[in-house]
Amino acid sequence: MKLAKTYEPNEYEPNIYALWEKSGAFKPSGRGELFSTVMPPPNANANLHIGHALDMGLKDISVRYKRMRGYDTIFIPGADHAGFETWVVYEKELNKQAKSRFDFTREQLYNQVWDFVDQQRGNMELQLRAIGVSADWEKLVFTLDSKVIKTVYATFKKLWDEGLVYRGERIVNYSTKFQTSYADIEVDQKQEKGTLWHIGYSLVEGPVNGVKEIIIATTRPETLFGDTAVAVSPEDDRYKDLIGKKVHIPLTDREVEIIADEYVDAAFGTGAVKITPAHDPNDFEVGKRHNLERLQVIDFDGTMINVPKEFIGLDVDTARQATLKALKDKGLIRKEETIEHTVGYDYKSGLPIQPLIKDQWFLKIKPLAKRALEALENNEISFYPASRQHILRQYLQNIRDWNLSRQIPWGIPIPAFQNVDDDTDWIFDESVSEETIEVAGKTYRRDEDTFDTWFSSGQWPFITTEALDGGDLSRFYPTNLMETGTDLLDRWIARMIMLGLYVTDQVPFKDVYLHGMVLDEYSQKMSKSKGNVINPMDSIATYGSDALRLGLVAGRSPGQNQAFGLDRIIAGRNFCNKLWNIARFIENKLGDEYEPDVPVAHSLADHWIISELQTAKDIIEHSLDTYRYAEASDAMYHVIWDSVADWYIEASKDQRNDALLAWVIDISLKLAHPFAPFVTETIWQTLSWHDTLLISETWPEIIEYSDISAAEFGRVQQLVTEARFVTSALPGNEKYSLLYGDDSLIADNNQLIKRLAKLDKVIGTVQPHGLRLAVSGRDAWLDVSAKTLADHQVNLEERLAATHADIQALEGRLAHPNYMEKAPEKLVAETKQLLDEKKAVVIRLQQELELLKI
RNA sequence: GGGCGCUUAGCUCAGUUGGCUAGAGCAUCUCGUUUACACCGAGAGGGUCGGGGGUUCGAAUCCCUCAGCGCCCACCA
């Protein structure tokens, strides 16, 4: 088959993917050791971004590699309903239609979003195919599939029965924009400068010891309407006599008591704190200890309620300004100071998070975290990079109860019902499509909330492998590899470990690989607003899927954010074309009907290329076994480009070994397949001697070769390199001849050397003359004229000086008695040999210079 | 307040128990269309490995210290 001059990925990729999929190559073989990985499900409703391309690319490299190595391999794909993320998008749509979520029932909304997502879903899956993931599509799990819900309910029931979930009225992180609560980790804590206002609260019963008021310090004056106490430290002598007295809440007619509580730090601010149990987590705790009223003054929509008339309905910001103005008018602001503090923001809208009281389901997470910590302690899970394990431990050590409830309709409904006559009576029931149910003569109303998405995704590994049902895939649990972004370490990895151990008694995966973010070429975060986003589908359309994968993998280490630009994709594209042309050359030589013989090494180059491939294969295996993708890719790239193309193909133009050429292209394609699946498979399909799929081939075995012959070729290379170097430094573009004396290596490889070094002739002679090549062990001379030689003198002198310097350094090293004693024998021997070679070079250079002087 | 990471060629980055002359891609310069490939070939230039100190026969690598950059976690108003 005649191949086009350049590789055009778009002409082949879709067909190749269809070929793989149709062949069943993505399915587990059912034989051999197990290897499994589960896809972090991409949002079914969104397009893939460059981070997915990296994430999926890395995983697919491991999967293809393991598959070729004979593992019973599965890559389970998924699609995420992405509860909150998708809801935000859908709510925008609703707003466009001038509608609100409150116009519909939960079921109506759920069905509407389902249809909305359904339109997009196929799209995401097509994009994953374009990226080349070799996933078993028949096993795809959508996060709202019935088996997911079934498992999630079973887990919730288990937690419920074991007393690990509880209904609690607690302060939650609340997004007033999206009207739902968040988990702690969904709140962006930002450190910023803020104002601490000191406000005078006057004592109701008049001055005590001449003091008329207590001054509190706050950064959120608008919440003073919700104050139900003022607190001081019990240790604080300044306020000792004020404890138990009452103060006026400014701008209102309410009076509250001054209380003493450990929580207050006498050294901060004024040492007196307003207590607003409904709007601050600490105050909430203080309130519980002192039985304080919880007065909600900020409503769930972010506006003021239960406040004096003029403030009602104001949003928080406006209310703050209005409150400050009113306080100033009354002369109650005692001081303003600027402080550094942290403010929680809604990670989605960028608006401040309001701590509000809400009845929610909480998970007592400490016992789960404890088991996870034990598993980490026992090194049951390996982390790449290893340092992330410490971060995870820290997180698990400080973890607080997890709020499972979300007030959005797009998600898995919480299977809990509340007695209409007794709001403390909750029961577990899965009939979530019923608004009310009758149990034992009592009426129960369902909880309208849904689960936090991470509660279900936290169970992903054992859900997707059907580990609990003992299904077909259950042999793959625990999975081998979990690969995702570093940003998901706490919100996802931690939860999978905790829930996995809790439900299955096993860690959900053995290895965790975390990759950093793909940044733009100037190391900036990619974002739509900056306009620096690289769309993976555009890159694939222009340069091909392999080019993108090669570019993304190159030079990327785990856990590290890394810049990425067009350069790298182009380098990947060029490599694919290189492979293509190697194949083109070999196929031309061998012809369309070629059936290879058993490959046997004959020439020095044959032995050498086998040894090069052996070395590369070792590096690739070792690197991939330890998830060092970039190093594996680098070794693959260089053995194919530098060794196969630049040396072996060139040498084969002189000394051809057809069987070995066929073998070399086979091995090259196999080694490259995980990194560039499409082009390698495309080429494989054009080779006359294959009627199989490369994806299903076995990882290569290297054939026999002689180290001695391979090293001999290395000496030929040395000579060729020296000849090229010297001729390129000589003036003009003349072709020179090589004269050699008593040198069998040159005599035996006469034509090869002539070709590789682009020499005019290579001639044996009794008395060689001209410019002697400074290669240790060779008796070789370039036949240059006396004049050229004279021009070259400076060059010779420079090299002589450099070589002398090298010799000095080497001698210095060898002269040190401790070096001889302590350094490994092999190293010492190598150093000695290097020294000898340098000395030989010096002699040759000196001879040259002597000749010039005559 | 804790923790983590980074600083190596013009740019973006590799460099795994310390060990040949510190590498790659891109960029730069010179030469070259030779039986695949100009998405190419041959060659070259370019680095006090952030500063300082220490351990060692030997340090980009280990230790200390200083400086700069970035990230994560934490309920101090």
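Chain naming here is simple, since letters A, B, ... match the order of the sequence lines and numbering starts at 1 in each. Excluded from the calculations below are hydrogen atoms, water molecules and symmetry mates; all remaining heavy atoms, backbone and side chain alike, are included. This is a predicted model, so every value here is computed, not measured.
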So for [X] and [N], does any side-chain atom that can act as donor or acceptor lie under 3.5 Å from a complementary atom in the base?
| X | N | result |
| --- | --- | --- |
| A/R755 | B/rU34 | no |
| A/E650 | B/rA36 | yes |
| A/K653 | B/rU34 | no |

Measure from [atom1] on [X] to [atom2] on [N] and round the result to the nearest Å.
| X | N | atom1 | atom2 | result |
| --- | --- | --- | --- | --- |
| A/Q562 | B/rC26 | CD | P | 17 Å |
| A/K5 | B/rC39 | NZ | P | 10 Å |
| A/I665 | B/rC37 | CD1 | C1' | 13 Å |
| A/Q397 | B/rG3 | CD | P | 12 Å |
| A/D567 | B/rU28 | CG | C1' | 14 Å |
| A/H390 | B/rG2 | NE2 | C1' | 15 Å |
| A/K274 | B/rA77 | NZ | C1' | 9 Å |
| A/Y7 | B/rC40 | OH | P | 16 Å |

> Between A/L519 and A/A571, which has a closest nucleotide on RNA chain B that is more 5'?
Replying inline: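 First, find each residue's nearest nucleotide; the 5'-ward one identifies A/L519.
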> If you pin A/T342 and A/A266 to their nearest nucleotides in RNA chain B, which one's is more 5'?
Replying inline: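 Upstream on the strand: A/T342.
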For a quick test of reading the model: is some side-chain N or O of [X] closer than 4.0 Å to OP1 or OP2 of [N]?
| X | N | answer |
| --- | --- | --- |
| A/R724 | B/rG43 | yes |
| A/N561 | B/rG70 | no |
| A/R584 | B/rC37 | yes |
| A/W641 | B/rC37 | no |
| A/S557 | B/rA14 | yes |
| A/Q560 | B/rC71 | no |
| A/K578 | B/rG41 | yes |

> With a 4.5 Å limit on heavy-atom distance, are the side chains of A/Y543 and A/I570 in contact?
Replying inline: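 In contact.
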>> Do A/K589 and A/Y594 have side chains that approach each other closer than 4.5 Å (heavy atoms only, starting at C-beta)?
In response: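 No. Closest side-chain heavy atoms not under 4.5 Å.
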>> Check for me whether the distance between the ring centres of A/F678 and A/Y12 falls short of 6.0 Å.
In response: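 Centroid distance A/F678-A/Y12: not below 6.0 Å, so no.
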>> For the aromatic rings, using the six-membered ring if either is Trp, is the centroid distance between A/Y513 and A/Y629 under 6.0 Å?
In response: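 Yes; A/Y629 has its ring centre under 6.0 Å from that of A/Y513.
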Which value, in whole Å, describes the distance between the [atom1] atoms of nucleotides [N] and [M]?
| N | M | atom1 | answer |
| --- | --- | --- | --- |
| B/rA74 | B/rG68 | P | 27 Å |
| B/rA22 | B/rA44 | P | 15 Å |
| B/rG23 | B/rA60 | C1' | 12 Å |
| B/rG47 | B/rC13 | C1' | 14 Å |
| B/rC37 | B/rG51 | P | 47 Å |
| B/rU12 | B/rG52 | P | 23 Å |
| B/rA14 | B/rA9 | C1' | 13 Å |
| B/rC31 | B/rU35 | P | 22 Å |

Give one of base, sugar-phosphate or nothing for [X], where a contact means two heavy atoms less than 4.0 Å apart.
| X | value |
| --- | --- |
| A/R400 | base |
| A/R628 | base |
| A/A563 | sugar-phosphate |
| A/A645 | base |
| A/F575 | nothing |

>> Assess the residue pair A/M636 and A/L550 against the criterion (side chain to side chain contact (heavy atoms under 4.5 Å, CB included)); give the C-alpha distance rounded to whole Å, side-chain angles, the decisive distance to 0.1 Å, and a yes or no.
In response: CA-CA 11 Å; A/M636 179 281 297; A/L550 287 163; 3.9 Å; yes
> Are A/Y736 and A/L738 close enough, and set up right, to give a side chain to side chain contact (heavy atoms under 4.5 Å, CB included), and what steps lead you there?
Replying inline: CA-CA 7 Å; A/Y736 297 93; A/L738 186 84; over 6 Å; no
Distances for protein N or O near nucleotides 44-47 of chain B N or O, under 3.5 Å:
none

> Pick from A/N561, A/I534, A/L552: which one makes a side chain to side chain contact (heavy atoms under 4.5 Å, CB included) with A/V518?
Replying inline: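 Looking at A/N561, A/I534, A/L552, the match for A/V518 under the side chain to side chain contact (heavy atoms under 4.5 Å, CB included) is A/L552.
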>> What verdict does the side chain to side chain contact (heavy atoms under 4.5 Å, CB included) test give for A/R320 and A/T323, after you've listed the backbone C-alpha separation in whole Å, the side-chain angles of each residue and the deciding distance to 0.1 Å?
In response: CA-CA 5 Å; A/R320 178 172 303 173; A/T323 308; 5.7 Å; no
Considering only side-chain heavy atoms of [X], which listed nucleotide, [options], is closest?
| X | options | value |
| --- | --- | --- |
| A/N574 | B/rU34, B/rC73, B/rC40 | B/rC40 |
| A/D634 | B/rA77, B/rU35, B/rA24 | B/rA24 |
| A/D265 | B/rG41, B/rC76, B/rC13 | B/rC76 |
| A/N581 | B/rA24, B/rA77, B/rC37 | B/rC37 |

> Between A/Y182 and A/Y347, does a ring pair (Phe, Tyr, Trp, His ring centres under 6.0 Å) hold up when you go through it step by step?
Replying inline: CA-CA 10 Å; A/Y182 281 169; A/Y347 81 105; 5.7 Å; yes
>> Between A/V256 and A/V247, is the side chain to side chain contact (heavy atoms under 4.5 Å, CB included) condition met? List the steps.
In response: CA-CA 6 Å; A/V256 302; A/V247 291; 3.7 Å; yes
Working to the nearest 0.5 angstrom, can you tell me the gap between [X] [atom1] and [Y] [atom2]?
| X | Y | atom1 | atom2 | value |
| --- | --- | --- | --- | --- |
| A/T270 | A/I215 | OG1 | CD1 | 7.0 Å |
| A/W197 | A/L327 | CH2 | CG | 10.5 Å |
| A/K358 | A/R170 | NZ | CZ | 14.5 Å |

>> Can you confirm whether more than 12 heavy atoms, excluding those of A/H341, are under 6.0 Å from its NE2 atom?
In response: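 Yes, enclosed.
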> Which nucleotides of nucleotides 17-22 of chain B have their base under 4.0 Å from a protein heavy atom (B), which only their sugar-phosphate (S), and which neither (-), written as one string 5' to 3'?
Replying inline: --BSS-
> Under the 6.0 Å and 45° cation-pi test, does A/R724 pair with A/W647?
Replying inline: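 Checked: cation-pi criterion met.
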> Using Watson-Crick and G-U wobble pairs with both distances under 3.5 Å, what is the 5'-to-3' dot-bracket string of RNA chain B, with [ ] for crossing pairs and | for pairs outside the strand?
Replying inline: (((((((..((((.....[...)))).(((((.......))))).....(((((..]....))))))))))))....
